[in-house]
S.K.: 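Below are the structure tokens for one structure; questions will follow.
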Amino acid sequence: YAINSFESELGIQLIRRSKTGVRLSEEGKELLPYLEQLVRSDAEVMRKIEEISCRKKNVLRLALYPGLSDGCLFDILAAFSAKMPETEISLRSESIRNTVEGLKTGEIDIGLNFEDVAATEDIKCMKLCSFPGLVILPESRAAEAEKPFPISRFRDESMIVFDVDEKELPKYGFFPATVIKTSGTGCASLFSAVEKGLAITSMPSMMIDGCKYHVCFTPVSPPVSGTLYALYRAADERRGAVGEFLKCLKDWAKKQENK
């Protein structure tokens, strides 16, 4: 019905209909690139409207690495809310690729991730602090957690990771026998699998805060660490809520280094 109305409005038949199906008319093929451009432009306009609307409503939109939660960032969020109590904070879990894309399109204000991203003229990447990597084992293997876990032993283990992490494993020295991927956005899916003895995993120490599962933790040997980075648009560095949140991140990072 919508297409029929559009064709009537244009005075052009865009689609040829037959017993075997539908296909674009010659006029439709000619107009298709322009219609696609129109749809893209409309989407860009809507994203810009959302960005402006969020600024007016005092909404700060954060994209977090899968597994990071407001619990991990409690001190930062509390410090920011004390300074800007009228600003609402919107949290979402995103891969690094989606975070960068969201920053470019204006859908995200700040991204927090464990991957260093090459800064551009428009997108900046600020190093915050590093956290030691821990191996998470089921309680039934608590004896192994009494000393550092050799990273070489992962070659004989099944390892569960977020699906965004699989390609990053070799960079940190992990070569597990089997990789199990989860599309979950919180650590619960990882902890649950480890608790049931389905696999083991590893993550930066800050991500285990609040863990209530029957698992145990031990350092990796040789040591590995995860570094937290903040991504943001250069134009927003000193602007309103974004600028204030970046200050809170820097203060928090200094405290972590002094621990």
Side-chain angles (χ1 to χ4, degrees), residues 62-78 89-99 111-115 128-229 252-253 255-256 259:
L62 305 180
L64 307 181
Y65 168 84
L68 276 180
S69 66
D70 53 353
C72 300
L73 306 172
F74 178 81
D75 291 343
I76 304 169
L77 298 175
I89 298 175
S90 171
L91 301 176
R92 58 200 270 190
S93 179
E94 292 289 358
S95 66
I96 184 63
R97 172 186 285 186
N98 290 344
T99 296
L112 295 176
N113 210 284
F114 284 101
E115 185 176 338
L128 295 172
C129 49
S130 298
F131 298 88
L134 300 178
V135 174
I136 293 84
L137 300 169
E139 276 192 347
S140 59
R141 298 174 61 176
E144 297 175 62
E146 293 178 1
K147 55 185 178 181
F149 191 91
I151 200 169
S152 58
R153 287 186 55 187
F154 273 85
R155 294 182 182 275
D156 302 318
E157 301 280 356
S158 292
M159 184 177 187
I160 184 166
V161 298
F162 295 113
D163 57 4
V164 298
D165 286 343
E166 184 179 12
K167 294 180 180 178
E168 297 295 312
L169 294 179
K171 184 170 75 174
Y172 294 101
F174 293 104
F175 295 92
T178 307
V179 175
I180 302 173
K181 294 184 289 184
T182 175
S183 57
T185 57
C187 289
S189 56
L190 302 185
F191 290 142
S192 179
V194 173
E195 182 182 58
K196 295 172 183 175
L198 301 177
I200 64 174
T201 191
S202 178
M203 63 183 64
S205 59
M206 75 168 294
M207 293 173 61
I208 68 171
D209 288 349
C211 173
K212 298 179 181 179
Y213 288 81
H214 298 292
V215 296
C216 46
F217 313 98
T218 187
V220 185
S221 177
V224 298
S225 62
T227 302
L228 189 65
Y229 297 89
W252 172 80
K255 291 179 182 178
Q256 299 305 310
K259 282 186 177 181

S.K.: Roughly how far, to the nearest 0.5 Å, is SG of Cys216 from CD1 of Ile136?
M.R.: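 Answer rounded to 0.5 Å: 9.5 Å.
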S.K.: Heavy atoms only: give me the nearest Gly133-Ser202 pair and the separation to one decimal.
M.R.: C-OG, 4.5 Å
S.K.: So Met203 and Phe162, do their side chains get closer than 4.5 Å, heavy atoms only?
M.R.: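 Of all side-chain heavy-atom pairs linking Met203 with Phe162, none is under 4.5 Å.
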S.K.: Considering residues at least two apart in sequence or located in another chain, which fulfil the salt bridge (Lys or Arg N to Asp or Glu O under 4.0 Å) criterion with Lys255?
M.R.: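 Salt bridge (Lys or Arg N to Asp or Glu O under 4.0 Å) list for Lys255, sorted by chain: empty.
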S.K.: Contact between Val161 and Leu169 at the side-chain level, heavy atoms closer than 4.5 Å - yes or no?
M.R.: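 Sidechains of Leu169 and Val161: in contact.
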S.K.: How many angstroms lie between atom CD1 of Ile76 and atom CG of Leu62, to the nearest 0.5 angstrom?
M.R.: 9.5 Å
S.K.: For side chain to side chain contact (heavy atoms under 4.5 Å, CB included), just list the numbers for Leu134 and Ile208, CA-CA rounded to whole Å, side-chain angles, deciding distance to a tenth of an Å, and then say yes or no.
M.R.: CA-CA 9 Å; Leu134 300 178; Ile208 68 171; 3.7 Å; yes
S.K.: Taking the side chain from Thr227 and the backbone from Cys129, do they hold a donor-acceptor pair closer than 3.5 Å?
M.R.: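 A pair under 3.5 Å: no.
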S.K.: Is there side-chain contact between Tyr172 and Ile151, with heavy atoms separated by less than 4.5 Å?
M.R.: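 Not touching, per the 4.5 Å side-chain cut-off.
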S.K.: Atom CZ in Phe131, atom CE in Met207: separation rounded to 0.5 Å?
M.R.: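 CE of Met207 is found 11.0 Å from CZ of Phe131.
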S.K.: According to the interplanar angle, ranging from 0 to 90°, do the rings of Phe154 and Phe174 count as parallel (below 30°), tilted (30 to 60°) or perpendicular (above 60°)?
M.R.: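 The arrangement is perpendicular - the two ring planes meet at more than 60°.
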S.K.: Side-chain contact, heavy-atom cut-off 4.5 Å: Asn113 with Glu94?
M.R.: no
S.K.: With sequence neighbours excluded, what pairs up with Arg153 under the salt bridge (Lys or Arg N to Asp or Glu O under 4.0 Å) test?
M.R.: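 So Arg153 forms a salt bridge (Lys or Arg N to Asp or Glu O under 4.0 Å) with Glu144.
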S.K.: So do Leu73 and Leu64 actually touch side chain to side chain, heavy atoms under 4.5 Å?
M.R.: yes
S.K.: Could you walk me through whether Tyr65 and Leu228 pass the side chain to side chain contact (heavy atoms under 4.5 Å, CB included) test, one step at a time?
M.R.: CA-CA 9 Å; Tyr65 168 84; Leu228 189 65; 5.9 Å; no
S.K.: Say you draw a straight line from CG of Leu77 to CH2 of Trp252; how long is it, rounded to the nearest 0.5 Å?
M.R.: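 Rounded to the nearest 0.5 Å, the CG-CH2 separation comes to 10.5 Å.
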S.K.: Taking NZ in Lys171 as the centre, count heavy atoms belonging to other residues, nucleotides or ligands within less than 6.0 Å. Is the count above 12?
M.R.: yes
S.K.: Is the closest side-chain heavy-atom distance between Val215 and Pro138 below 4.5 Å?
M.R.: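 Result no, sub-4.5 Å side-chain heavy-atom pair not found.
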S.K.: So do Tyr213 and Val194 actually touch side chain to side chain, heavy atoms under 4.5 Å?
M.R.: no
S.K.: Does any part of the side chain of Val220, heavy atoms only, come nearer than 4.5 Å to the side chain of Phe149, both counted from C-beta?
M.R.: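 The answer is no, as the side chains (C-beta and beyond) never meet within the 4.5 Å cut-off.
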S.K.: Looking only at heavy atoms, what is the nearest atom pair of Thr99 and Gly111, with distance?
M.R.: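 Scanning both residues completely, I find the closest heavy atoms to be CG2-CA, 3.7 Å.
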S.K.: State, to 0.1 Å, how close Arg155 and Ala177 come at their nearest heavy-atom pair, and which atoms those are.
M.R.: O-CB, 3.1 Å
S.K.: If you round to the nearest 0.5 Å, how far is OG1 of Thr178 from CG of Asp156?
M.R.: 10.5 Å
S.K.: Please report the interatomic distance OH(Tyr229) to CG(Leu128), rounded to the nearest 0.5 Å.
M.R.: 9.5 Å
S.K.: Kindly say whether Ile160 contributes a backbone atom to a donor-acceptor pair with the side chain of Thr201 at under 3.5 angstrom?
M.R.: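 Present.
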